[in-house]
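The structure appears right after this line, and notes come after that.
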2 protein chains.
Amino acid sequence: MTKASANEHCGAPPEQADLRPIEGAEADEELATLAKAVGHPARVQILRLLARKTACICGDIVDELPLAQSTVSQHLKVLKEAGLIRGEVDGPRVCYCLEPRALRRFKALVGGL
Amino acid sequence: MTKASANEHCGAPPEQADLRPIEGAEADEELATLAKAVGHPARVQILRLLARKTACICGDIVDELPLAQSTVSQHLKVLKEAGLIRGEVDGPRVCYCLEPRALRRFKALVGGL
DNA sequence: AGCTACTATCGTCGATTAGCGATGACTAAG
DNA sequence: CTTAGTCATCGCTAATCGACGATAGTAGCT
């Protein structure tokens, strides 16, 4: 198996619990950052696409959205910087997938409102 | 009891269930709008304040935040336009409180990710 | 009426965002 | 080495955001 297996895309990490507090100044900042990243229809759509495909996608996202490739790339960058998605280089293309940990964290923070 | 009872602040409405779908184009827009409103630390703080007080507050919010009165008023406007809070005029001051319906809706949409 | 207190709105300024086309970087294939 | 394909980055423009001081509006007091 010299060639990287296509199944190694986004292996789920050891499912670690999040011990950080759900409120307080830091939590406020964190929630605001995450919410801000989600605060755009195109980015919500991207998250939904990644969730539906259960695995990763790459530039197919561009085909699904009515936006230029550079714009989509920007949105992906925002989501990545917020920690909500991860991008793994797979040959000439990049494979994006959800970061379940961050998503759970976001849900926990929102649930704590 | 000629003076308006302080308990009349924000009576909880009949606790109606939300029948709108949790995904689709409209849901995406809605989630993005709500998330955008929450996407600022000051607004998260305001929501937390309102939640803690269980009831409404007014300009005490200004005292709690390190921001000018006009800035706080702007943030309140954003939250109000997103439907997350409600403001009732109570004499010379305004009493803000959470809109539980919108908050539940937000949690449902986020949970659906 | 006049005054005071509280809040909303206006106008402004700098910073950020969203969108795009063009260009650059990188990989795989020829 | 060259070419083609994929994605990120750059540069730019228009629009929006965040913050503020100043101003206007409204309710209660004297």
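Letters A, B, ... mirror the listed sequences (proteins, then strands); counts begin at 1.
Near-neighbour residues of DNA chain C inside residues 32-44 of chain A, defined by a heavy atom below 4.0 Å, number-ordered: Lys36(A), His40(A), Arg43(A).
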Show me the donor-acceptor pairs within less than 3.5 Å that the side chains of residues 77-85 of chain A make with the rest of the protein, sequence neighbours left out.
none

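You'll find the side chain of Val38(A) stays beyond 4.5 Å of the side chain of Leu34(A), heavy atoms only. At a threshold of 4.5 Å between non-hydrogen side-chain atoms, the residues Val44(A) and Glu23(B) do not count as touching. For the pair Ile57(B)/Tyr96(B), no side-chain contact is recorded, criterion being any heavy-atom separation below 4.5 Å from C-beta on.
Annotation: ring pair (Phe, Tyr, Trp, His ring centres under 6.0 Å) contacts involving residues 58-93 of chain A, sequence neighbours excluded, comprise His40(A)-His75(A).
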Contacts under 3.5 Å, N or O only, protein and nucleotides 6-10 of chain D:
residue, atom, partner, partner atom, Å
dC7(D), OP1, Gly59(A), N, 3.0
dA8(D), OP1, Tyr96(A), OH, 2.2
dA8(D), OP2, Ser73(A), OG, 2.9
dA8(D), N7, Gln69(A), NE2, 2.9
dA8(D), N6, Gln69(A), OE1, 3.1

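Taking the side-chain hydrogen bond (donor to acceptor under 3.5 Å, both in side chains) definition, one finds that Arg93(A) meets it with nothing, sequence neighbours left out. In this view, Ala68(A) and Ser70(A), Thr71(A) satisfy the side-chain contact (heavy atoms from CB on, under 4.5 Å) rule, not counting sequence neighbours. Checked against side-chain contact (heavy atoms from CB on, under 4.5 Å), Gln45(A) has the following partners two or more places apart in sequence or in another chain: Leu65(A), Asp28(B). In this structure Glu30(A) satisfies the side-chain hydrogen bond (donor to acceptor under 3.5 Å, both in side chains) test together with Arg20(A), Arg105(A), sequence neighbours excluded. Scored by the side-chain contact (heavy atoms from CB on, under 4.5 Å) test, Gln69(B) finds Val62(B), Ser73(B) as partners (sequence neighbours excluded). Legend: residues meeting side-chain contact (heavy atoms from CB on, under 4.5 Å) with Glu64(A), ordered by chain and number and at least two apart, are Leu49(A).
Five base pairs at each end of the helix from dA1(C)-dT30(D) to dG30(C)-dC1(D) define two local axes, and these are offset by 10° (rounded to 10°).
Between the side chain of Arg86(A) and the backbone N or O of Cys97(A), no donor-acceptor pair lies under 3.5 Å.
Scanning DNA chain C 5' to 3' for nucleotides with an atom closer than 4.0 angstrom to a non-hydrogen atom of chain A gives a first and last hit of dT17(C) to dA28(C).
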